[in-house]
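First up is the structure itself, then whatever we jot down about it.
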Number of protein chains: 2
Amino acid sequence: MNQPEDIVNKLSELGYRLTPQRIMILSAIENSNDHISAEEIYAQVMAKYPHVNISTVYRTLELLKRLDLVTETDLGGGRVRYHPAEKGHHHHLVCQECGIIIDLDESLLTSLKDALLREHKFIADLRHLAIFGRCVNCSK
Amino acid sequence: MNQPEDIVNKLSELGYRLTPQRIMILSAIENSNDHISAEEIYAQVMAKYPHVNISTVYRTLELLKRLDLVTETDLGGGRVRYHPAEKGHHHHLVCQECGIIIDLDESLLTSLKDALLREHKFIADLRHLAIFGRCVNCSK
DNA sequence: ATAGTTTCTGCAACCTTTTGCAATTACCAT
DNA sequence: ATGGTAATTGCAAAAGGTTGCAGAAACTAT
Ligand SMILES: [Mn+2]
Ligand SMILES: [Mn+2]
Ligand SMILES: [Zn+2]
Ligand SMILES: [Zn+2]
């Protein structure tokens, strides 16, 4: 259960510089209850630090992804959304017809993950997936 | 086993107009041996029909996706790739470290598809998936 | 063949995300 | 505290993809 502080320390231990931009971007992600977009992070940081540029937001997200601190997921709707990596390994079913998003437990993908490791020695990143298709209502 | 001609007929039966653009875009997709990008389709069509615009390529792809005639898959590398829907329901493992792409048989996802249908009555579109992670070499 | 209707296209503008580059800043050593 | 240096940032431009709109073209009926 990482706190924003722990992540900040981790960045610093790994040799990354602790800029005010990074710290504010991190806390925007950590304070968000669910999936947050780059634009939303940008707006939130800009409120306190108007000088920030959106390319810094994207570059920081790139870094946090590379360090496995956030997950990136396309839930449809034209912009990608981000999630602290430690906040529950769950998944989502996304209906392409009506847009409804159904939450899915991690366990439904464990056997797939195991099979990929066993049969292909491939370590699949299945921490926060979106699976597209049609929901009950839309498939009638 | 659809031929380009069958797809053309299907479009026409459904009330869509058979424009030269659509026909050329379709044959570019059908003649491609593996995954083709919008840019590649555009270049191929433009060679015979220089007047075409890339937004027509994207709009045609949108239509073909909606009719389940092509699948769209992000295999990494910055641009989405397209595939005739009937050409084998297989999948790909994509290594985020070295970029290698491993082919995967359809069967590995059937139990997931069944479980989603059983437990959530959700018809998942698992026809041509890309699963990201780390390959054997890169996970040592 | 012609005209009417509606779909489809090209174009331009836009949106989200990425990138090269020069200037700035965090960090380290003094 | 000060200066050196490498990482990081802002900015501007670009890349990939989408959208509104007015004109062009496919289909239908005559
Ligand atoms: Mn989630
Ligand atoms: Mn494929
Ligand atoms: Zn639905
Ligand atoms: Zn690899």
Side-chain angles (χ1 to χ4, degrees), chain A residues 7-26 28-29 35-46 48-67 69-82 96 99 130, chain B residues 8-26 28-29 35-46 48-67 70-82 96 99 130:
Chain A
I7 296 189
V8 166
N9 290 338
K10 183 165 185 183
L11 282 183
S12 158
E13 279 162 32
L14 288 168
Y16 295 98
R17 296 186 179 171
L18 299 183
T19 66
Q21 291 93 328
R22 281 183 177 162
I23 293 170
M24 297 180 89
I25 290 165
L26 255 169
I29 298 170
H35 322 99
I36 190 169
S37 70
E39 194 68 38
E40 287 163 1
I41 295 169
Y42 178 56
Q44 216 171 301
V45 173
M46 202 143 79
K48 297 250 168 186
Y49 193 102
H51 188 54
V52 77
N53 189 274
I54 195 155
S55 66
T56 301
V57 174
Y58 281 109
R59 276 192 280 233
T60 301
L61 287 168
E62 203 61 43
L63 173 65
L64 297 174
K65 273 190 283 172
R66 200 163 3 102
L67 299 178
L69 296 172
V70 310
T71 57
E72 179 191 72
T73 310
D74 179 4
L75 290 160
R79 67 189 59 176
V80 172
R81 299 194 152 264
Y82 300 87
Q96 279 166 325
Chain B
V8 165
N9 289 338
K10 183 165 186 184
L11 282 182
S12 158
E13 278 162 31
L14 289 169
Y16 295 99
R17 296 186 178 172
L18 298 183
T19 66
Q21 291 94 327
R22 281 183 177 163
I23 293 170
M24 297 180 89
I25 290 166
L26 254 169
I29 298 170
H35 322 98
I36 191 169
S37 70
E39 194 68 38
E40 287 163 1
I41 295 170
Y42 178 56
Q44 217 170 299
V45 173
M46 202 141 80
K48 298 249 168 187
Y49 194 102
H51 188 55
V52 76
N53 190 273
I54 194 153
S55 67
T56 300
V57 174
Y58 281 111
R59 276 191 280 231
T60 301
L61 287 168
E62 203 61 43
L63 172 65
L64 297 175
K65 273 191 284 172
R66 200 162 5 101
L67 299 179
V70 309
T71 57
E72 178 191 74
T73 311
D74 179 3
L75 290 160
R79 67 189 62 176
V80 172
R81 299 194 152 265
Y82 300 88
Q96 279 166 325

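Quick note on labels: first sequence line is chain A, next is B, and so on, each numbered from 1.
Side-chain nitrogen and oxygen atoms of B/Thr56 include at least one within less than 4.0 Å of the OP1 or OP2 phosphate oxygen of C/dG10. The shortest distance between the side-chain N/O atoms of B/Gln21 and the OP1/OP2 oxygens of D/dA25 is not below 4.0 Å.
Nearest heavy atom pair, residue A/Val57 against residue A/Ala38, reads CG1-O, 3.9 Å. Across A/Tyr42 and A/Val52, no two heavy atoms sit closer than the pair CE1-O, 3.6 Å. For A/Glu40 against A/Arg81, the heavy-atom pair with the smallest separation is OE2-NH2, 3.1 Å.
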For residues 14-26 of chain A, which side-chain donor-acceptor pairs fall under 3.5 Å, sequence neighbours excluded?
{"residue": "A/Thr19", "atom": "OG1", "partner": "A/Arg22", "partner atom": "N", "Å": "3.1"}
{"residue": "A/Arg22", "atom": "NH1", "partner": "A/Arg17", "partner atom": "O", "Å": "2.9"}

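Residue A/Glu13 contributes atom CD, which lies 13 Å from atom P of C/dC27 at whole-angstrom precision. Between B/Ile23 atom CD1 and D/dA26 atom P the separation is 10 Å, expressed in whole Å. Whole-Å rounding puts the A/His51 NE2 to D/dT9 C1' distance at 8 Å. When rounded to the nearest whole Å, the span between CG of B/Leu61 and P of C/dC8 equals 15 Å. Spacing between atom CZ of A/Arg66 and atom P of D/dA7 amounts to 12 Å, rounded to whole angstrom units. Rounded to a whole Å, the CE atom of A/Met24 is 19 Å from the P atom of D/dT8. What separates CG of A/Leu63 from C1' of C/dA26 is a distance of 15 Å, to the nearest Å. With rounding to whole Å, A/Arg22 atom CZ is found 12 Å from C/dT25 atom C1'.
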I'd like a list of close polar pairs between nucleotides 17-19 of chain C and the protein, N/O only, cut-off under 3.5 Å.
{"residue": "C/dT17", "atom": "OP1", "partner": "A/Val80", "partner atom": "N", "Å": "3.1"}
{"residue": "C/dT17", "atom": "OP2", "partner": "A/Tyr58", "partner atom": "OH", "Å": "2.2"}
{"residue": "C/dT17", "atom": "O5'", "partner": "A/Tyr58", "partner atom": "OH", "Å": "3.1"}

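Rounded to the nearest 0.5 Å, atoms CD1 (A/Ile41) and CG (A/Leu61) are 4.5 Å apart.
You'll find that the side chain of A/Arg17 is closest to C/dC27, out of C/dC27, C/dT9, D/dA26.
Using a 4.0 Å cut-off between a side-chain N of Lys or Arg and a carboxylate O of Asp or Glu, B/Lys65 and B/Glu62 qualify as a salt bridge. In this structure, B/Lys10 does not pair ionically with B/Glu13, as no charged nitrogen and carboxylate oxygen lie closer than 4.0 Å.
Nearest-nucleotide mapping onto DNA chain D: of B/Leu18 and A/Tyr16, the residue sitting toward the 5' end is A/Tyr16.
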